[in-house]
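Structure, as structure tokens:
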Amino acid sequence: IGETKSHELPVHRLSTVMQKLGHSRIDILKMDIEGAEYTVVEDILEADFEISQILIEFHHRFSNIGIEKTRQSIRKLNSAGYKIFNVSASGEEISFIHTSV
């Protein structure tokens, strides 16, 4: 089997990118970030900006993550007013829309 390569790249919090661009809200945020979505969900819920829709590919199939982390993230998003409006056939891509809490 082939060699796996990794690269280190600079990253910024979503709030930092928004501040640099002068944005105060996001209409649609799509995340497919290979297991890092759980940390980003936490960061988004602590931030002071509005996101109308969040589309997330959850990576609970990874052995070091598991389904419970996805369930926790969904509960946190629901508590913050994000409701599920679509789930893919695989159950990994879940779409949320922000409603009033």
Side-chain angles (χ1 to χ4, degrees):
I1 297 181
E3 177 182 328
T4 302
K5 294 182 181 181
S6 66
H7 300 279
E8 284 192 32
L9 300 170
V11 296
H12 300 281
R13 291 182 121 124
L14 183 57
S15 57
T16 302
V17 174
M18 289 178 65
Q19 183 180 29
K20 285 182 178 185
L21 296 174
H23 297 299
S24 60
R25 65 182 309 270
I26 296 175
D27 292 323
I28 299 174
L29 175 66
K30 184 176 188 307
M31 290 192 285
D32 180 1
I33 50 179
E34 306 307 311
E37 62 274 11
Y38 303 97
T39 303
V40 174
V41 165
E42 295 280 340
D43 194 55
I44 286 171
L45 295 177
E46 292 175 6
D48 186 27
F49 53 83
E50 180 183 337
I51 303 173
S52 299
Q53 295 180 33
I54 304 175
L55 317 176
I56 306 173
E57 180 175 337
F58 286 102
H59 291 80
H60 47 259
R61 69 182 180 278
F62 290 1
S63 61
N64 63 327
I65 296 176
I67 191 70
E68 187 53 37
K69 280 189 94 165
T70 296
R71 288 182 180 133
Q72 290 172 359
S73 289
I74 291 170
R75 283 192 295 272
K76 290 174 184 176
L77 285 160
N78 287 163
S79 293
Y82 289 94
K83 304 303 175 200
I84 295 173
F85 71 87
N86 189 57
V87 179
S88 68
S90 71
E92 294 179 348
E93 297 89 16
I94 303 177
S95 301
F96 301 85
I97 190 163
H98 192 259
T99 61
S100 59
V101 181

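In what follows, residues are counted from 1 in the order of the sequence shown.
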If you round to the nearest 0.5 Å, how far is [atom2] of [Y] from [atom1] of [X]?
| X | Y | atom1 | atom2 | result |
| --- | --- | --- | --- | --- |
| Ser88 | Leu55 | OG | CG | 11.5 Å |
| Glu92 | Glu57 | CD | CD | 6.0 Å |
| Tyr82 | Lys76 | OH | NZ | 15.0 Å |
| Ile65 | Glu34 | CD1 | CD | 9.0 Å |
| Ile44 | Leu14 | CD1 | CG | 5.5 Å |
| Ser15 | Lys20 | OG | NZ | 11.0 Å |

Original post:
Quick check: are there more than 12 heavy atoms from other residues, nucleotides or ligands sitting under 6.0 Å from CZ of Arg61?
Top reply: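 Yes, the 6.0 Å shell around CZ holds more than 12 heavy atoms from other groups.
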Original post:
Got more than 12 heavy atoms from elsewhere within 6.0 Å of CD, Gln72?
Top reply: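 Yes.
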Original post:
Do side-chain atoms of Ser73 reach the backbone of Lys69 as a donor and acceptor pair under 3.5 angstrom?
Top reply: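 The answer is yes, because a donor-acceptor pair under 3.5 Å joins these two groups.
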Subject >> Side-chain donor or acceptor of His23 paired with backbone N/O of Val17 under 3.5 Å >> reply: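 No.
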Subject >> Ile26 and Glu50: CA distance, side-chain angles, deciding distance, side chain to side chain contact (heavy atoms under 4.5 Å, CB included) verdict >> reply: CA-CA 6 Å; Ile26 296 175; Glu50 180 183 337; over 6 Å; no
Do you know which two heavy atoms are closest between [X] and [Y], and how far apart they sit?
| X | Y | value |
| --- | --- | --- |
| Phe49 | Ser24 | CB-O, 3.4 Å |
| Tyr38 | His59 | OH-N, 3.4 Å |
| Phe96 | Ile74 | CZ-CG1, 3.9 Å |
| Ser52 | Arg25 | OG-NH2, 2.8 Å |
| Asn78 | Ile84 | ND2-N, 4.4 Å |

Original post:
In the single-linkage hydrophobic clustering (I, L, V, M, F, W, Y; side-chain heavy atoms under 4.5 Å), do Ile28 and Ile94 co-cluster?
Top reply: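 Looking at the clustering, Ile94 is in a separate group from Ile28.
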**OP:** Report yes or no: do Ile33 and Ile67 belong to one cluster of Ile/Leu/Val/Met/Phe/Trp/Tyr joined by side chain heavy-atom distances under 4.5 Å?
**Re:**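 No: no chain of side-chain contacts under 4.5 Å links Ile33 to Ile67.
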Original post:
Any ion pair linking Asp32 and Lys30 (charged N to carboxylate O, less than 4.0 Å)?
Top reply: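 Judged by the 4.0 Å cut-off on N to carboxylate O distance, Lys30 and Asp32 do not form a salt bridge.
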Original post:
When you look at Met31 and Val40, which way does the side chain to side chain contact (heavy atoms under 4.5 Å, CB included) test go after all the steps?
Top reply: CA-CA 9 Å; Met31 290 192 285; Val40 174; 3.4 Å; yes
Subject >> Chi angles and distances behind the side chain to side chain contact (heavy atoms under 4.5 Å, CB included) call for Phe85, Gln53 >> reply: CA-CA 10 Å; Phe85 71 87; Gln53 295 180 33; 3.5 Å; yes
Subject >> Residue of the set Thr39, Leu45, Asp43 for which side chain to side chain contact (heavy atoms under 4.5 Å, CB included) holds with Val41 >> reply: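 Of all the options given, the one that passes is Leu45.
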Original post:
So among His60, Arg75, Glu37, which one has a side chain to side chain contact (heavy atoms under 4.5 Å, CB included) with Thr70?
Top reply: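 Checked His60, Arg75, Glu37 against Thr70; only one passes side chain to side chain contact (heavy atoms under 4.5 Å, CB included): His60.
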**OP:** Verify side chain to side chain contact (heavy atoms under 4.5 Å, CB included) between Leu77 and Ile56, making sure each step is shown before the conclusion.
**Re:** CA-CA 11 Å; Leu77 285 160; Ile56 306 173; 3.9 Å; yes
